[in-house]
Amino acid sequence: MAAVALVSGFVAVSGATTAGAAVADELPLSQGGATATIGGLKTSGAAVIHEDGGDKQVSAGLFEMSVDNGGTLQTYCVDIYSPTQKDAKYQETPWSGTSLNGNPDAGRIRWILQNSYPQVNDLAALAEKAGAGDLTEQDAAAGTQVAIWRYSDGADVDAVDPQAEKLADYLERSARDLAEPEASLRLDPPAVSGRPGEPLGPVTVHTDARAVTVTPPADAASGVRVVDRDGKEITSAADGAELYFDVPEDTADGSAALTVQASTTVPVGRAFASETRSQTQILAGSSESTVSAAATANWAGAGAIPALSAEKNCAEGGLDVTAVNEGDEPFTYELLGTEHTVGAGESQTVTVPLQEDRSYDFTVSGPGGYEKRFQGVLDCRTQSDEGAGETVQTLNEPSPATVGGTTATTADLAETGASSATPVIAGVAIGLVVIGGAAVLFVRKKNTTPQD
């Protein structure tokens with residue numbers, strides 16, 4: 001795929017709202033990047049999973065995704081036993097928020113992606129390196145997926161076609177550890193706060209795009225602008241640029257959101273996760289695609305001025321909720337029935353333990369009607385980590401394929417998935433978390449005073 005392409009995009013700010021409104025409710029829980037809809041398995045061959053209960057034949061190969069607002073992605077899956085939900089939405093996600101977290105072989109998967117199909121589309125040269133005969137696109141896709149599964153799931157899996165199997169073996173033994181690629185686009189931090197009349201920020205742009213374009217606030221009547229550190233309204237920005245919310249001094253207490261959007265190629269090796277418990281994917285190729293990231297600002301004339309954000313933490317099996325208070329009074333908020341207090345000028349991160357594969361949906365509330373909602377699904381482990389290889393069961397719609405028997409049985413695991421226990425897609429686990437009470441919450445960072 002081509003390197004970074006010429007970019008066009010925008011930054012927009014929503015109109016000011018009252019302090020009690022949670023403008024971030026409409027923003028996805030993500031760190032930015034591409035958002036796409038999976039379209040199914042496009043190029044594949046056959047593979048066989050070897051298990052104690054017998055061999056299972058599956059489809060193995062490349063998926064295709066359609067990027068919101070333009071673009072196409074090609075991906076392989078990194079959780080062989082999980083289902084792929086039809087038309088599931090996916091968000092570019094750091095490895096720390098997926099089953100790749102803590103996997104010592106995650107970097108080898110990236111090497112395979114960079115050194116095989118479709119990044120290497122000279123199939124004759126690839127076949128020569130692998131010691132294979134003629135490789136078709138189907139063979140190349142199947143062999144690449146099989147090699148990835150061996151590292152992502154520790155699966156005992158082989159390609160059915162001999163040439164595809166030779167490619168899988170070559171990729172497995174040749175793979176070397178590589179670092180995780182940077183996000184295509186993200187904003188840091190995703191939430192800021194302060195007093196009207198002074199710049200709120202900075203929010204730093206991190207992107208592999210050449211540039212982004214900045215437009216005025218969506219609601220010009222609010223008077224909120226996006227500016228640089230000198231107070232000059234920004235019309236374009238690049239990697240490393242610092243953005244500020246410029247809120248007029250007489251503006252009533254409220255909130256606003258900005259979104260940065262650009263067009264670029266997404267780096268190979270970026271993970272893609274779904275909030276509908278659909279098979280985690282890893283990027284193998286990208287056209288020029290639309291990417292975006294969001295940040296929010298909250299301001300008040302006096303008292304506590306909170307900024308709330310959240311990020312999945314697979315190392316701890318939960319969600320990190322970070323609160324920063326730029327006000328002159330302590331900020332007390334309620335999280336799952338437990339109160340937490342952040343002093344003036346301090347920050348605090350609380351890790352909320354969540355149940356694997358279950359939906360969560362909760363709201364953090366504070367004084368003056370301040371609220372921010374967080375929802376999603378924690379998907380931090382492969383099904384093989386949970387013993388899925390022992391018994392593979394049939395899933396109901398939208399996963400129609402069946403897998404079972406003591407002899408080789410055909411199933412489209414790569415397209416529809418399989419599991420030792422039907423995942424609960426729409427279950428709400430928040431009540432289960434509350435039962436544990438405050439004792440299961442813990443603070444990782446506390447009483448940290450931001451620098452001036």
Side-chain angles (χ1 to χ4, degrees), residues 1 28-44 60-101 103 106-107 109-110 112-114 118-119 141 144-145 148-149 151-153 178 180-186 207-208 262-294 311-312 314 357 376-383 413-417 423 425:
M1 295 294 173
L29 175 59
S30 73
Q31 293 186 321
T35 300
T37 302
I38 198 162
L41 201 60
K42 295 301 182 183
T43 307
S44 65
L62 269 175
F63 289 86
E64 187 171 281
M65 291 190 185
S66 297
V67 180
D68 290 1
N69 300 313
T72 302
L73 307 177
Q74 294 174 299
T75 62
Y76 290 103
C77 89
V78 288
D79 190 352
I80 191 173
Y81 289 104
S82 289
T84 300
Q85 306 298 333
K86 183 179 180 181
D87 296 328
K89 279 283 190 181
Y90 280 80
Q91 175 67 47
E92 185 179 338
T93 304
W95 290 358
S96 61
T98 72
S99 59
L100 294 174
N101 175 76
N103 183 337
I109 296 173
R110 187 186 179 197
I112 290 171
L113 294 165
Q114 290 187 336
Q119 286 298 304
T144 305
Q145 177 66 90
I148 289 171
W149 277 335
Y151 282 126
S152 65
D153 295 74
L178 296 179
E180 177 181 4
E182 294 291 332
S184 60
L185 176 61
R186 67 184 177 89
T207 184
D208 64 355
S263 180
T264 186
T265 54
V266 182
V268 169
R270 290 295 291 172
F272 279 79
S274 173
E275 297 297 348
T276 57
R277 191 56 183 94
S278 188
Q279 222 171 36
T280 302
Q281 305 283 311
I282 192 163
L283 188 72
S286 169
S287 70
E288 183 178 335
S289 299
T290 301
V291 296
S292 61
E311 179 182 356
K312 290 179 183 177
C314 283
D357 294 342
V377 174
L378 188 73
D379 184 7
C380 289
R381 294 181 301 201
T382 63
Q383 290 295 318
L413 289 192
E415 184 164 4
T416 59
I425 305 301

* **From CA spacing to verdict: side-chain hydrogen bond (donor to acceptor under 3.5 Å, both in side chains), Y90, S278** => CA-CA 9 Å; Y90 280 80; S278 188; 2.8 Å; yes
* So, the side chain of S289 versus the backbone of T265: is there a donor-acceptor pair under 3.5 Å, distance only? -> no
* Heavy-atom check, side chain of P181 versus side chain of V268, under 4.5 Å -> no
* Structure fact -> OG1 of T37 to NZ of K89, rounded to nearest 0.5 Å, is 3.5 Å
* Side-chain (T290) to main-chain (N69) donor-acceptor, under 3.5 angstrom -> yes
* How about V266 and E92: do any of their side-chain heavy atoms sit closer than 4.5 Å? -> yes
* To do: For the pair Q145 (side chain) and C77 (backbone), establish whether a donor and an acceptor sit closer than 3.5 Å, ignoring hydrogens and angles.
  => yes
* Under a 4.0 Å N-O cut-off, is there an ion pair linking D357 with R381? -> no
* Rounded distance [0.5 Å steps], CE in M65 versus CZ in F272 -> 6.5 Å
* Structure fact -> The reported gap from CG in D153 to OG in S99 (rounded to nearest 0.5 angstrom) is 7.0 Å
* Asked: Where do T264 and V291 come nearest, in terms of heavy atoms and distance?
  -> CG2-CG2, 3.9 Å
* Asked: Cut-off 3.5 Å, side chains only: do Q85 and T276 have a donor facing an acceptor?
  -> no
* What's the verdict on side-chain contact (heavy atoms from CB on, under 4.5 Å) for L73 and L283, showing C-alpha distance, side-chain angles and the deciding distance? -> CA-CA 7 Å; L73 307 177; L283 188 72; 3.7 Å; yes
* For T84 against Q281, the heavy-atom pair lying closest together -> OG1-NE2, 4.4 Å
* Counting distance only, does the side-chain N/O of K312 pair as donor-acceptor with the main-chain N or O of V377 below 3.5 Å? -> yes
* Quick one: closest heavy-atom pair of L185 and A262, and the distance? => CD2-N, 4.4 Å
* Structure fact -> So CH2 of W95 and CD1 of I282: to nearest 0.5 Å the spacing works out to 6.0 Å
* Asked: Going by heavy atoms in the side chains, are T280 and D379 under 4.5 Å from each other?
  -> yes
* To do: With side-chain hydrogen bond (donor to acceptor under 3.5 Å, both in side chains) as the test, would you mind laying out the steps for Q91 and T35 before giving the verdict?
  => CA-CA 5 Å; Q91 175 67 47; T35 300; 2.5 Å; yes
* To do: Find the distance between CD (Q114) and CG (L178) and round it off to the nearest 0.5 Å.
  => 5.5 Å
* **Heavy-atom pair with the smallest gap, counting every atom of S274 and A88** => OG-CB, 3.9 Å
* To do: Considering non-hydrogen atoms only, spot the tightest contact between L113 and Q119 and give its length.
  => O-CG, 3.3 Å
* N103 (side chain) donor-acceptor with Y151 (main chain) under 3.5 angstrom -> yes
* Asked: Is any side-chain heavy atom of T72 closer than 4.5 Å to a side-chain heavy atom of S66?
  -> no
* **Donor-acceptor under 3.5 Å (W149 side chain, T144 main chain)** => no
* **Main-chain N/O of L41 paired to S44 side chain as donor or acceptor, under 3.5 Å** => no
* Asked: What are the two closest non-hydrogen atoms of V67 and A34, and how far apart are they?
  -> CG1-CB, 4.4 Å
* To do: Look at R270 together with E180 and state whether they make a salt bridge at an N to O cut-off of under 4.0 Å.
  => yes
* Asked: Does any N or O in the side chain of Q279 come within less than 3.5 Å of the main-chain N or O of D79, such that one atom is a donor and the other an acceptor?
  -> yes
* **From I109 atom CD1 to Y76 atom OH, the distance as rounded to the nearest 0.5 Å** => 13.0 Å
* Is there a donor-acceptor contact under 3.5 Å linking the side chains of S263 and E288? -> yes
